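Predicted model only: the values in this text are computed from it and were never measured.
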Protein chains: 2
Amino acid sequence: MSEAISNLSRKEQVIRKAAELFKEKGYAAASMRDLAHLLGIEAASLYSHIKSKEEILRSLCFDMAAEFQKSLAEVESKKDISASEKLRNGIIGHIQVMAKDLTASAVFMNEHRHLSQPYLRDFLLMRINYINRFKSIIEQGVQTKEFKDSIDKKLAVMTLFSSLNWMPMWYDPGSAIDPSQLGFQLADMLVNGLKKND
Amino acid sequence: MSEAISNLSRKEQVIRKAAELFKEKGYAAASMRDLAHLLGIEAASLYSHIKSKEEILRSLCFDMAAEFQKSLAEVESKKDISASEKLRNGIIGHIQVMAKDLTASAVFMNEHRHLSQPYLRDFLLMRINYINRFKSIIEQGVQTKEFKDSIDKKLAVMTLFSSLNWMPMWYDPGSAIDPSQLGFQLADMLVNGLKKND
DNA sequence: AATTTCAAGTAACGAGTGTTAGTTATATAT
DNA sequence: ATATATAACTAACACTCGTTACTTGAAATT
């Protein structure tokens with residue numbers, strides 16, 4: 001079935017262009033005719049490759065979610081590691097997943113709310129689960145007294161996620177700082193703060 | 001002209017409801033018929049109070065922008081204050097402005113891109129200006145050696161803004177932590193980090 | 001009591017939406 | 001050479017969109 005392969009290839013072209021469009025204009029404001037025009041075809045022709053507009057969004061959101069999941073599971077699997085090291089690795093992993101596809105990451109973050117049920121519910125459950133696993137790492141760090149106990153844990157974890165999730169909106173992959181440095185510095189800033197600690 | 005006052009009053013009711021709707025569904029996905037239904041009137045009746053859908057968005061975005069502007073100007077006006085104290089005050093001020101209207105803040109952050117030209121251009125220029133003024137505070141802190149010079153300044157300021165700007169998405173005003181504590185802790189976390197510094 | 005203002009209503013417009021049905025030209029496989 | 005699969009096309013559907021023109025009943029002002 002070599003059809004399947006080449007079909008997938010063209011389908012992925014459509015999905016990637018859609019990601020760019022969704023990132024730029026937002027899912028709701030992006031029309032299928034816009035997307036078709038970007039690809040140089042007619043709107044109806046898109047349906048040779050995809051089932052619906054929302055199928056594109058689903059595929060973008062859930063593929064990213066799976067990659068985040070995988071990255072965090074790998075960090076969690078390593079035993080005998082301090083909480084701050086675990087947190088650092090989690091942050092770096094998250095950044096690396098995003099850096100592999102900044103466009104899809106932006107869609108994942110900003111457009112997931114346009115998923116219909118039951119997909120939206122599933123998505124949000126996965127997301128809460130992911131956040132809670134980071135929260136556990138922070139709580140572990142508080143217990144081992146690596147981290148302050150003065151800071152609200154929900155605040156801490158949401159601040160962390162806010163910082164991570166907005167990265168695709170401003171990060172320029174052609175800039176001086178590369179993704180692995182970015183992850184490292186971001187982790188340092190969140191764990192150690194801006195202030196000199198001497 | 002008592003008409004102006006009562007008209008403004010009803011107009012503001014419309015705008016506030018619109019803010020809720022825009023926050024929940026996004027500007028593009030929110031229809032004037034949705035908004036009218038929430039207010040218990042017909043869609044066409046909205047136009048007794050507002051000129052267009054986008055006028056609502058403009059008013060939400062630029063009113064918030066003015067408040068942020070005012071808050072930062074006040075912080076900047078205080079002389080003989082360390083960079084970290086200035087940054088802390090800037091963060092607390094920003095959070096307080098947001099906390100006064102979480103719904104409008106969410107729209108300000110997420111929906112401004114649906115402004116048409118030339119409003120979008122104006123908005124983005126104001127925003128860059130605001131960000132750069134925070135960046136100046138950070139640079140000042142690096143010069144006085146309060147802050148590390150190892151961290152990329154763009155990264156630092158964008159991380160800061162990401163944290164601030166996502167707050168309206170998760171903060172529950174009925175929760176244990178109140179807005180002024182939130183601002184204080186957020187500032188502490190970003191300046192000093194999660195780690196204990198002893 | 002007469003007039004004006006306010007906030008709503010009805011009806012409809014032109015344009016744009018996602019999507020379907022059915023067709024066709026080109027490239028590939030048999 | 002023939003059959004198949006791919007990727008496009010045209011035409012159209014039912015629907016929703018923001019908005020305008022005009023009207024109406026109630027409240028406030030004179």
Side-chain angles (χ1 to χ4, degrees), chain A residues 1-22 24-61 107 111-117 119-120, chain B residues 1-22 24-61 107 111-117 119-120:
Chain A
M1 310 270 170
S2 64
E3 341 135 11
I5 294 169
S6 72
N7 188 22
L8 199 86
S9 167
R10 184 54 169 159
K11 183 174 182 175
E12 272 194 358
Q13 275 182 272
V14 171
I15 292 175
R16 293 186 87 78
K17 260 298 181 246
E20 292 173 28
L21 183 64
F22 292 172
E24 196 194 301
K25 305 188 70 172
Y27 176 79
S31 78
M32 294 305 271
R33 283 168 180 84
D34 289 340
L35 175 57
H37 185 73
L38 286 175
L39 291 160
I41 62 177
E42 293 297 316
S45 307
L46 292 166
Y47 291 83
S48 302
H49 308 289
I50 48 106
K51 288 195 194 69
S52 68
K53 186 186 182 186
E54 203 194 319
E55 185 205 35
I56 302 176
L57 182 62
R58 277 205 296 273
S59 125
L60 288 167
C61 289
V107 173
E111 311 301 333
H112 68 260
R113 62 168 154 183
H114 294 109
L115 290 168
S116 66
Q117 299 292 8
Y119 305 101
L120 180 57
Chain B
M1 310 277 168
S2 65
E3 340 136 10
I5 295 169
S6 71
N7 189 22
L8 199 86
S9 167
R10 183 56 169 160
K11 183 174 182 175
E12 274 195 355
Q13 274 182 271
V14 171
I15 292 175
R16 294 186 87 78
K17 252 315 175 233
E20 292 174 28
L21 183 63
F22 292 172
E24 195 194 302
K25 304 187 71 172
Y27 177 78
S31 78
M32 296 304 271
R33 285 169 180 85
D34 288 340
L35 175 56
H37 185 73
L38 286 175
L39 291 160
I41 63 178
E42 293 298 314
S45 306
L46 292 166
Y47 292 82
S48 301
H49 308 288
I50 49 104
K51 289 195 194 67
S52 68
K53 185 185 181 186
E54 203 193 319
E55 186 205 33
I56 302 176
L57 182 61
R58 277 204 296 273
S59 126
L60 288 167
C61 289
V107 173
E111 312 300 334
H112 68 259
R113 64 167 154 184
H114 295 109
L115 290 168
S116 65
Q117 299 291 7
Y119 305 101
L120 180 58

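One atom, CD of Glu42(A), and another, P of dT19(C), lie 17 Å apart when rounded to the nearest Å. The distance between atom CZ of Arg10(A) and atom P of dA7(D), rounded to the nearest whole Å, is 8 Å. Here the P atom of nucleotide dA7(D) and the CD atom of Glu12(A) are 13 Å apart, to the nearest Å. The separation between Glu55(B) atom CD and dT20(D) atom P is 12 Å, rounded to whole Å. Straight-line distance from the CD1 atom of Ile56(A) to the C1' atom of dT19(C): 13 Å, rounded to whole Å. Spacing between atom CD1 of Ile50(B) and atom C1' of dA7(C) amounts to 13 Å, rounded to whole angstrom units. The interatomic distance linking Leu35(A) (CG) with dT17(C) (P) rounds to 12 Å, in whole Å. Separating the CD atom of Glu54(B) from the C1' atom of dC17(D) is a distance of 15 Å, rounded to the nearest angstrom.
Considering only side-chain N and O atoms, Arg33(B) lies nowhere under 4.0 angstrom from the phosphate OP1 or OP2 of dT19(D). For Ser45(A) and dC9(D), the shortest distance from a side-chain N or O to OP1 or OP2 is below 4.0 Å.
At least one side-chain heavy atom of Ile50(A) sits under 4.5 Å from a side-chain heavy atom of Met32(A).
Taking every side-chain heavy atom of Ser52(A) into account, dT19(C) is the closest of dT19(C), dT20(C), dT20(D). Relative to the side chain of His49(B), the nucleotides dT10(D), dA7(C), dT20(D) differ in distance, and dA7(C) lies closest. Residue Ala44(A) has its side chain nearest to dT20(C) when only dT20(C), dT20(D), dT19(C) are considered. Comparing dT10(C), dG18(C), dT20(D) against the side chain of Tyr47(A) picks out dG18(C) as the nearest. Proximity note for Ser48(A) (side chain, C-beta onward) versus dG9(C), dA8(D), dC9(D): the nearest is dA8(D).
Within the nucleic acid shown, Ala29(A) has no heavy atom closer than 4.0 Å to any nucleic acid atom. Residue Ser31(A) is in sugar-phosphate contact alone, with no base atom involved, counting any heavy-atom pair closer than 4.0 Å across all strands shown. Within 4.0 Å of Ala30(B), counting heavy atoms only, lie sugar-phosphate atoms of the nucleic acid but no base atom.
Between Glu20(B) and Lys17(B), at least one side-chain nitrogen of the basic residue sits less than 4.0 Å from a carboxylate oxygen of the acidic one, meeting the salt-bridge criterion.
Surrounding CZ of Arg16(B) are at most 12 heavy atoms belonging to other residues, nucleotides or ligands under 6.0 Å away. Atom OH of Tyr119(B) is surrounded by 12 or fewer heavy atoms from other residues, nucleotides or ligands within 6.0 Å.
Separation of atoms OH (Tyr27(B)) and CZ (Arg113(B)) is listed at 13.0 Å; rounding is to 0.5 Å.
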